[in-house]
Amino acid sequence: MNLPKTSFPMKANLVQNEPASQKRWAKAGLYEQLRKARKGSPKFVFHDGPPYANGSIHLGHVLNKSLKDFVVRSRSMMGMDVPFVPGWDCHGLPIEHRVVGDLVAKGKADKLAELPVEAQHSAIRKACAEYALKQVKLQAGQMQRLLTMADYENPYLTLHPSYEGAVLEVLASLFEQDLVYRALKPVHWSVANQTALADAELEYMDREDLSVYVEFEAMDAVAVYAAFGIDEAARDERELGATPSFMIWTTTPWTLPANIAVAVHAESSYALVRVDGSVVVLAEDLVKQVAAKGKAEDVEVLATAKGGSLVGLRYKHPFVNEVPPCGLGQAVDEAKVWSLVAADYVTMEDGTGLVHTAPGHGQDDFQTGVREKLPVYCPVRGDGTYDESTPDWIRGKSIWDANSEIERWLAKSGHLFSSERFMHSYPHDWRSKTPVIFRCTEQWFVAVNGPTKHGGKGLREMALAEAKENLAFVPAWGKSRLVGMLESRPDWCISRQRSWGVPVPAFYREDGSVFTTAAVVRAVAAVIADKGTDAWYTMSAADLLSGYDAASDPQLDGPMPEPQTLSKGWDILDVWFESGASWNGCMRARTGEFPMEVYLEGSDQHRGWFQSSLLCSLGMMGTPAYKGIVTHGFMVDKDGKKLSKSKGDTVEDLFSNYGADVIRWWVSSLAYDGDMKVDEAFFKVAGESYRKVRNTVRFLLSNLDDYDHDAHGSSPSDWPATSIDAWVLTRYEKLASKVIGAYERYAFREAHQAMYDFCNETLSSVYLAAVKDRLYCDSLDSERRRRTQCAMHLLTRGLSSLLAPLLPHTADEAYRSLIGAEQDAEASVHLATFDAGFGAPQDDRWNAVLKARDAGLAAMELARSKSDLDNPLDTGVTLADTDGILAAFDSTDLADLLGVSRVGFGPTVSVQDLRDEPRCERSWKRDSTVRERSDGGLLSDRDAAALGLA
RNA sequence: GGGCCUAUAGCUCAGUUGGCUAGAGCGCACCCCUGAUAAGGGUGAGGUCACAGGUUCGAGUCCUGUUAGGCCCA
């Protein structure tokens with residue numbers, strides 16, 4: 001008897017064994033070896049989107065990095081050269097926020113504030129860099145534990161000087177095309193720290209504030225009455241002599257000096273109301289509520305009208321007479337100042353339905369201002385005091401003191417309808433715990449409509465054309481998503497007022513004007529590419545500009561300022577601009593590759609990296625950085641709800657409970673377009689399914705213990721097409737083409753499914769069950785047995801290569817066991833390519849055989865239910881072979897396929913009880929040749945021969 | 001509120017351009033094997049395809065709306 005034997009264990013023990021594989025690959029330099037081996041092969045240029053270097057990796061990273069690794073490994077095994085450089089996004093607010101938080105906690109913040117500004121930036125930056133590098137190390141370790149293959153020795157980091165220089169190259173190119181401009185934008189502003197704040201730096205706390213109902217007197221009474229359908233005759237009749245007012249409500253009276261317009265909702269109904277003698281306009285639904293606030297006694301609704309018909313009506317500002325100065329670089333329509341405009345965000349929840357609009361002091365207000373060409377007026381200075389343009393009674397005063405001052409003024413002048421103190425949740429600066437304000441500041445923007453050097457087209461136009469016509473999207477809906485976002489996106493605000501990032505290389509003259517051109521940016525970029533962005537904070541303007549030649553700068557407007565008179569700006573670039581230049585900072589810089597084949601990221605990146613990369617590359621190169629994008633959805637919990645951060649296992653737990661291969665096996669089973677549910681139970685299921693595949697491979701290996709492919713192998717092309725071994729290899733060929741095709745389409749789930757089904761059905765249930773008898777009972781060297789072993793050897797080799805992209809450890813373990821290379825550190829399936837097939841002849845009549853097998857099994861099931869005939873080896877089956885096809889096949893193969901002792905052919909299917917016949921003690925088959933042999937055993941001829949008995 | 005997407009057996013998913021008695025695996029139930037054995041094999045029960053309309057000879061598949069959920073905006 002030749003029973004199975006193998007050192008490939010049933011229990012995978014991935015938690016111990018995977019790190020060993022990892023070490024072995026590292027020691028053998030697998031990544032470098034693969035580069036060498038694939039040198040000169042067609043390249044597949046795949047580019048890693050840099051994850052943010054903060055904290056332990058989570059399931060989203062596991063998904064993303066696994067999918068990327070499937071791509072890298074599968075393309076590589078198709079024979080392509082797939083260099084893959086992992087990257088990290090190292091700059092930005094979350095790190096700075098975290099680091100500064102630590103400084104505050106350690107009581108170092110006050111000390112820091114005493115330093116000169118350069119030194120403050122440098123101190124924070126130093127701490128940020130240390131922190132970021134630590135995070136990169138942590139995440140890289142976890143990603144490697146996930147068994148992803150990449151150039152971890154040489155990752156790209158956005159804080160590398162060469163990378164930073166490359167980012168500025170892109171910026172310079174945009175400057176060159178006059179696509180970069182400065183304009184106002186409202187931001188959260190901390191008066192205490194005199195700095196802009198990001199959302200993450202806000203803390204909402206309760207605060208008592210003053211809210212006021214204010215009447216803005218209409219400029220043209222007749223027009224207002226007309227808008228409500230009241231003509232002059234009707235006015236006389238109803239004794240409406242008063243000039244109507246527009247009633248607004250605000251919780252920030254200090255922004256009233258900056259009032260530019262009043263917004264109404266075009267579709268809502270507004271009422272003209274007589275309130276204690278005066279006539280006011282407010283939302284119909286809010287009349288009662290507002291009247292109650294003012295303790296009005298006599299309230300009468302005179303008429304109603306849609307908000308849309310009020311648009312354009314003008315009013316007098318209660319205390320500002322001259323049209324305020326307009327915002328930087330923005331066109332102004334003076335006719336619209338102090339008039340009613342329409343806006344969607346106006347609600348009938350509270351207030352009056354007429355919204356005080358100060359474009360310099362609110363996000364919505366700003367949008368409205370830009371749309372309506374209103375002045376973006378911000379009379380508040382960085383220290384929270386009013387500037388010179390305001391009325392003298394508040395000029396120079398703090399906005400917080402101004403609230404009551406303004407209330408008094410309004411009351412005195414008869415504009416105040418009502419006022420009250422109230423509590424509300426209000427954003428505060430997380431560091432100083434003081435309330436923040438909205439304030440317009442100057443920011444850098446990239447114009448998405450301005451003409452580029454690429455045929456004069458705008459970035460948006462170019463991006464849309466590429467997305468619509470040239471880019472490949474997997475899944476297809478990525479196109480409409482990207483297109484939708486490109487169509488509606490505003491100009492790109494690329495500046496931030498922070499320390500941790502790449503500075504915008506802008507200098508300022510003594511009069512405050514900006515001195516920056518493409519050549520200036522390039523000169524600074526050269527310094528930074530060499531010394532890093534720290535140089536911006538440590539070097540003088542003159543030194544930074546040492547490589548700048550004013551004489552050859554076509555963009556220089558006027559004389560070159562003396563470098564000593566220039567000061568540096570402290571704006572840094574949006575991190576999305578940095579990562580959006582990774583095609584330049586990583587790929588072009590290293591390998592000259594451009595454009596990339598594909599980017600693969602979560603669907604949130606349609607707004608993020610996909611878009612920033614597209615705009616940056618189109619701007620500089622005129623070509624998209626990638627030919628296509630693959631998108632995946634997000635993890636949700638088992639009920640389909642958003643995954644909470646605190647819930648569930650950490651990735652470290654998953655590694656130590658299941659191992660990377662099981663996790664990857666699970667990832668490969670996911671329909672990754674759309675949301676993916678995660679639950680502890682799913683990893684258990686994946687583990688079960690993994691074990692099934694593993695056991696199949698183990699069984700293959702365990703029957704190859706005495707097989708030496710060089711000595712015993714044969715060429716499948718010589719095998720009879722009717723042999724079961726030829727059949728199984730043709731099935732493998734179908735599998736391979738399906739799996740490789742799926743890999744090409746990034747359809748990993750299909751590949752997973754196909755391989756799982758192949759192991760289960762084709763191998764475990766049909767083929768391997770059938771060939772057991774010959775493997776165990778034929779003589780060791782019988783031609784039939786060796787041929788089956790050859791098929792099994794090829795199947796193991798082929799299957800381990802097909803599995804390798806998904807299960808790098810297990811596939812390599814199997815492959816190395818197969819070729820007997822357990823001691824050879826360099827042998828690896830990952831250096832191999834996929835086996836598409838082995839040239840076995842195909843015979844279409846196998847379909848009939850498999851149908852006959854099903855019919856036979858069904859007949860046996862039926863027979864079993866009607867008798868005690870339980871063991872298939874106690875039965876013989878007569879198969880219906882009406883067209884004589886089955887007779888062409890080996891009857892032993894047919895019997896083994898059914899697991900019975902004998903088959904015959906007849907007009908219909910039937911089952912015979914063979915328990916009267918003698919049973920071979922060795923093979924347990926009922927056979928007419930069984931008789932007592934020389935050693936006293938009951939054996940069939942075949943088994944006797946195998947034992948050398950007569 | 002807007003854009004894009006998802007909704008098929010208890011669970012994970014297939015279902016090309018509308019034509020099926022709606023499929024597969026897991027799980028479950030029953031049975032076999034005991035020479036892949038903390039394995040292997042066979043059989044079976046599970047669905048008004050989220051809901052409501054509409055187009056059509058015919059709709060899981062197309063259209064409209066609703067509900068629930070996700071990503072990104074506002």
Side-chain angles (χ1 to χ4, degrees), chain A residues 1-6 8-11 60 265 343-347 363-364 367 473 475-490 601-608 610-611 631-643 666 669-679 681-682 684-689 691-692 694-703 747 749-750 752-754 756-757 759-761 763-766 768-773 775-777 853-854 856-862 864-865 868-875 898-899 922-924:
Chain A
M1 289 290 284
N2 320 305
L3 294 181
K5 184 181 163 198
T6 177
F8 187 89
M10 187 180 284
K11 195 168 181 320
H265 196 282
D344 287 341
Y345 53 80
V346 175
T347 70
Q363 200 81 255
D364 286 341
Q367 297 292 342
F473 292 88
W477 52 258
K479 177 189 282 201
S480 34
R481 179 139 194 207
L482 189 64
V483 165
M485 284 179 173
L486 285 167
E487 277 169 347
S488 64
R489 74 153 300 144
E601 305 295 335
S603 64
D604 55 338
Q605 299 303 333
H606 286 100
R607 135 153 243 97
F610 292 148
Q611 202 175 133
T631 335
H632 57 77
F634 280 74
M635 297 286 179
V636 293
D637 69 16
K638 65 179 179 3
D639 301 316
K641 299 278 170 61
K642 195 184 170 78
L643 213 53
W666 169 71
S669 77
L670 297 170
Y672 64 76
D673 51 321
D675 310 324
M676 290 147 284
K677 291 183 182 175
V678 211
D679 191 63
F682 299 167
K684 290 204 175 80
V685 171
E688 290 294 312
S689 149
R691 273 175 52 204
K692 190 104 183 179
R694 182 179 179 86
N695 263 322
T696 305
V697 171
R698 175 169 182 268
F699 187 66
L700 288 167
L701 287 169
S702 69
N703 283 290
R749 185 186 154 72
E750 273 179 50
H752 170 113
Q753 194 81 31
Y756 180 74
D757 289 348
C759 286
N760 242 327
E761 291 161 29
L763 293 185
S764 194
S765 151
V766 181
L768 296 177
V771 297
K772 271 186 200 175
D773 176 74
L775 288 168
Y776 297 171
C777 302
R853 176 178 180 267
D854 287 341
L857 288 174
M860 286 160 66
E861 186 68 21
L862 192 68
R864 200 182 306 174
S865 68
D868 60 345
L869 193 55
D870 283 335
N871 192 333
L873 281 175
D874 288 340
T875 60
L898 283 160
R922 191 159 173 273
S923 66
W924 299 337

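Residue numbers start from 1 in every chain, and the chains themselves are labelled A, B, ... in the order their sequence lines are given, proteins ahead of strands.
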Does A:Gly640 reach a base, just sugar-phosphate, or nothing at all? Heavy atoms under 4.0 Å.
sugar-phosphate
At 4.0 Å (heavy atoms only), tell me whether A:Arg922 reaches a base, stays on the sugar-phosphate, or touches nothing.
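Answer is base: heavy atoms of A:Arg922 come under 4.0 Å of a base.
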Mind checking the [atom1] distance from [N] to [M]? Whole angstroms is fine.
N: B:G47; M: B:G10; atom1: C1'; value: 11 Å
N: B:U17; M: B:C63; atom1: P; value: 12 Å
N: B:A50; M: B:A36; atom1: C1'; value: 44 Å
N: B:A24; M: B:U43; atom1: P; value: 11 Å
N: B:U64; M: B:C28; atom1: P; value: 43 Å
N: B:U67; M: B:C51; atom1: P; value: 16 Å
N: B:A45; M: B:G3; atom1: C1'; value: 45 Å
N: B:G69; M: B:C26; atom1: C1'; value: 24 Å

Under a 3.5 Å cut-off for both contacts, is [N] paired Watson-Crick or G-U wobble with anything, and if yes, with which nucleotide?
N: B:G53; result: B:C63
N: B:G44; result: B:C28
N: B:G35; result: none
N: B:G18; result: none
N: B:G69; result: B:C5

Looking at the side chain of [X], which of [options] is the nearest nucleotide?
X: A:Lys692; options: B:G41, B:G42, B:A36; value: B:G41
X: A:Phe682; options: B:U12, B:G69, B:A39; value: B:U12
X: A:Asp675; options: B:G70, B:A36, B:C33; value: B:G70
X: A:Ala671; options: B:A14, B:C32, B:G3; value: B:A14
X: A:Tyr756; options: B:C31, B:C73, B:G25; value: B:G25
X: A:Arg691; options: B:A39, B:C5, B:G41; value: B:A39
X: A:Asp364; options: B:A74, B:A36, B:G35; value: B:A74
X: A:Trp924; options: B:C72, B:A36, B:G35; value: B:G35
X: A:Asp870; options: B:U43, B:C32, B:C72; value: B:C32
X: A:Arg864; options: B:C32, B:G35, B:C71; value: B:C32

Which is it for B:C20, anti or syn, if anything within 90° of zero counts as syn?
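Classified syn.
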Using O4'-C1'-N9-C4 for purines and O4'-C1'-N1-C2 for pyrimidines, with syn meaning within 90° of 0, is B:G46 syn or anti?
syn
For A:Phe682, is there any backbone N or O sitting under 3.5 Å from a side-chain donor or acceptor partner on A:Asp679?
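The answer is no, because no donor-acceptor pair under 3.5 Å joins these two groups.
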Check: A:Gln605 side chain, A:Phe610 main-chain N or O, donor-acceptor pair, under 3.5 Å
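Checked: no pair found.
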What's the spacing between [X] [atom1] and [Y] [atom2] if we round to 0.5 Å?
X: A:Leu775; Y: A:Met1; atom1: CG; atom2: CE; result: 10.5 Å
X: A:Phe699; Y: A:Leu768; atom1: CZ; atom2: CG; result: 5.5 Å
X: A:Ser689; Y: A:His752; atom1: OG; atom2: NE2; result: 4.5 Å

For [X] and [N], give me the distance from atom [atom1] to atom [atom2], rounded to whole Å.
X: A:His752; N: B:A24; atom1: NE2; atom2: C1'; result: 12 Å
X: A:Tyr776; N: B:C33; atom1: OH; atom2: C1'; result: 12 Å
X: A:Leu873; N: B:U34; atom1: CG; atom2: C1'; result: 12 Å
X: A:Leu775; N: B:G40; atom1: CG; atom2: P; result: 17 Å
X: A:Arg489; N: B:A74; atom1: CZ; atom2: C1'; result: 15 Å
X: A:Asp679; N: B:C11; atom1: CG; atom2: P; result: 12 Å
X: A:Gln605; N: B:C73; atom1: CD; atom2: P; result: 10 Å
X: A:Glu601; N: B:C4; atom1: CD; atom2: C1'; result: 18 Å

N or O in side chain of [X] less than 4.0 angstrom from [N] OP1/OP2:
X: A:Lys677; N: B:U12; result: yes
X: A:Lys772; N: B:A36; result: yes
X: A:Ser603; N: B:C5; result: no
X: A:Ser764; N: B:G41; result: yes
X: A:Arg481; N: B:G3; result: no

Here's a test of your reading of the structure: between A:Val766 and A:Ser488, which maps to the more 5' nucleotide of RNA chain B?
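Nearer the 5' end of the strand: A:Val766.
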Start at the 5' end of RNA chain B and walk down; is the nucleotide closest to A:Met10 or to A:Lys641 reached first?
A:Met10
Given side chains that start at C-beta, do those of A:Thr631 and A:His606 come closer than 4.5 Å, heavy atoms only?
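When only atoms from C-beta onward are counted, A:His606 and A:Thr631 do touch, with a gap below 4.5 Å.
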Heavy-atom side-chain contact between A:Val771 and A:Asn703 under 4.5 Å
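No. Closest side-chain heavy atoms not under 4.5 Å.
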Is_stacked (A:Phe699, B:G40) at 5.5 Å, 30 deg:
no
Between A:Leu643 and A:Val636 the two heavy atoms that sit nearest each other are CD1-C, 3.8 Å
Looking at A:Tyr776, is A:Arg922 sitting on its ring face, NZ or CZ under 6.0 Å from the six-membered ring centre and within 45 degrees of the normal?
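Judged by the rule (NZ or CZ under 6.0 Å from the ring centre, within 45° of its axis), A:Arg922 is not positioned above A:Tyr776.
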